[in-house]
Colleague: 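Got a structure for you, written out below as structure tokens; questions coming shortly.
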Amino acid sequence: MRRPVKRKRADLAAFGGTPAFPEPLHVGRPNLPDRERLMERLADALERRRLTNDGPLTRELEDALAQRLGIRHCVSTCNATLALQLTARALGLRGEVIVPSFTFIATAQALAWEGIEPVFCDIRPDTHGIDPAHVARLVTPRTSAIVGVHLWGIPCDVEALAAIAGRRTLRVLYDAAHAFGCTHRGRPVGGFGDAEVFSFHATKYFHTLEGGAIATNDDALAIRLRRMRNHGFTGLDDVAELGTNAKMNEFSAAVGLTMLADVDAIVAVNRAHHERYRAALSGIPGLRLLDYDRGERANYQFVVAEIDAPAMGLQRDELVDILRFENVLARRYFHPGCHRLAPFRTLQPDARRSLPETERIAQRVLCLPTGPAVSDDDIDTIGEIIRVAARGDC
Ligand code: T4K
């Protein structure tokens, strides 16, 4: 079926036109593993009747990931949120921990769940990553760590954070939920700080349905994390310390192992889509597309636009609504910032005063659909819709 053309405002579905897409186009549409290979692995697992608790597929995935990331240990988990909690606890974090507010709520929740006070720091306008200068100003005698987030897969300024942490012997933990397959100065994300946490949630380009992993080069930390993720067990009936259940199951590991064969191809699609968006959106007033450093490896799993409302003649939220009428479900990640969400908005009502960039960017940001579920034509159509919406005069 031919797609409705969008040349003037009246063509837009929000103003009476026909929606461009008959079905919703999502941000975070899961990539699918090769079915045949996956079914083989699942059948093997069923045959073995080994379904969870450190099974052979989970170990195989951990080894494959550790090798790929060039790290000594990869501790798989059932999701990244619990992985962050485990690592915070295993590293002995307490008191205050400095963390950006501009992140998925899980980063701050994991700390708060462990009884830690997240102290929100601001971000850099160019990368939306943690601002080391602000971090340095927030360190107090109660600070035990810095949690950086490699937002959108763009690595933090790890050297600057390491320098700040080194002066006060603070721990450094990275939320690398977005950054699987990315590099910083040629080194894979996974080996920075005391540990790094990946999310393998279904919405990530590489996933295990639900899942996550902690990457570390610290042997003692890895042993502790493995113990803690399995209730603290050290033998069949001995528990050495407080633990929880944060294990990955064999079906998730089977998905991960199968997806791993395709990650490079998926990144190639993501990268081509990024270029296509760049062309489709070029010259639209008030729209800036966040870029990735061409000298590094990136996974391009997010297409992040910033909307300057006065220049575009349209508020970001109006654009989100216009796109929704067309069945394009753009997302306002990570509006409005953790500091404006419960419980932090009541616990820290003044936080917004010290977060001017977070406040500004949370009002402007927009993520557009990408990944193999999206076609070049889809991207061109999204570009047309935004161009017509931004012109607003026809
Ligand atoms: N740190 C950071 C920086 C993170 O971004 C995240 C997670 C975490 C930590 C914690 O990781 P995990 O504990 O989750 O491993 C989604 C994901 O649930 C979340 O994992 C992710 N970040 C976040 C950025 O996105 P929602 O609430 O936006 O998801 P939802 O249900 O709205 O799904 C997004 C879109 O994807 C929807 O339009 C529908 C589509 N979708 C989703 C699923 C799950 C599908 O088409 N099929 C599906 O199966 O949080």
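Only heavy atoms go into these numbers, but all of them, side chains included; no hydrogens, no water, no symmetry mates. In this text, all values refer to a predicted model and were calculated from it rather than measured experimentally. Both ligands and their constituent atoms are indexed starting at 1 by order of listing.
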Colleague: For ligand 1, is there an N or O atom under 3.5 Å from any N or O atom of F334?
Modeller: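 Checking ligand 1 against F334, no N or O pair falls under 3.5 Å apart.
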
Colleague: Is R331 in polar range of ligand 1, meaning some N or O pair under 3.5 Å apart?
Modeller: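 Yes, since at least one N or O of R331 sits under 3.5 Å from an N or O of ligand 1.
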
Colleague: Touching ligand 1 at all, F200? Heavy atoms, strictly under 4.0 Å?
Modeller: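 It does not; every heavy atom stays at 4.0 Å or beyond.
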
Colleague: Ignoring hydrogens and geometry beyond distance, is a side-chain donor-acceptor pair present between R37 and T258 at under 3.5 Å?
Modeller: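 The answer is no; no qualifying pair exists.
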
Colleague: Hydrophobic clusters join Ile, Leu, Val, Met, Phe, Trp and Tyr when side-chain heavy atoms are under 4.5 Å apart, directly or via other members; which others share one with F192?
Modeller: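 F192 clusters with I98, V119, I130, V135, L138, V139, I146, V158, L161, I164, L170, V172, Y174.
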
Colleague: Just need the protein heavy atom nearest to atom 28 (O) of ligand 1, so name the residue and atom and give the distance.
Modeller: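 Result: Y333 OH, 2.5 Å.
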
Colleague: Could an N or O of ligand 1 be found under 3.5 Å from any N or O of H26, whether backbone or side chain?
Modeller: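 Min N/O separation from ligand 1 is below 3.5 Å for H26.
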
Colleague: Does any N or O atom in G28 lie less than 3.5 angstrom from one in ligand 1, N or O only?
Modeller: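 Yes: some nitrogen or oxygen of G28 is under 3.5 Å from one in ligand 1.
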
Colleague: Any nitrogen or oxygen of L329, main chain or side chain, under 3.5 Å from a nitrogen or oxygen of ligand 1?
Modeller: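 Among all N and O atoms of L329, none is under 3.5 Å from an N or O of ligand 1.
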
Colleague: Of all the non-hydrogen atoms in the protein, which one sits nearest to atom 45 (C) of ligand 1, and at what distance?
Modeller: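 Here the closest protein heavy atom is P30 CD, 3.3 Å.
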
Colleague: Enumerate the residue pairs fulfilling salt bridge (charged side-chain N to carboxylate O under 4.0 Å, His left out) with a member in residues 75-97, sequence neighbours excluded, ordered by first and then second residue.
Modeller: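 Checked against salt bridge (charged side-chain N to carboxylate O under 4.0 Å, His left out) - neighbours excluded - the pairs reaching residues 75-97 are R89-E114, E96-R142.
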
Colleague: Can you sort out which atoms of ligand 1 are near G211, meaning under 4.0 Å from one of its heavy atoms?
Modeller: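 Every atom of ligand 1 under 4.0 Å from some heavy atom of G211: 15 (O).
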
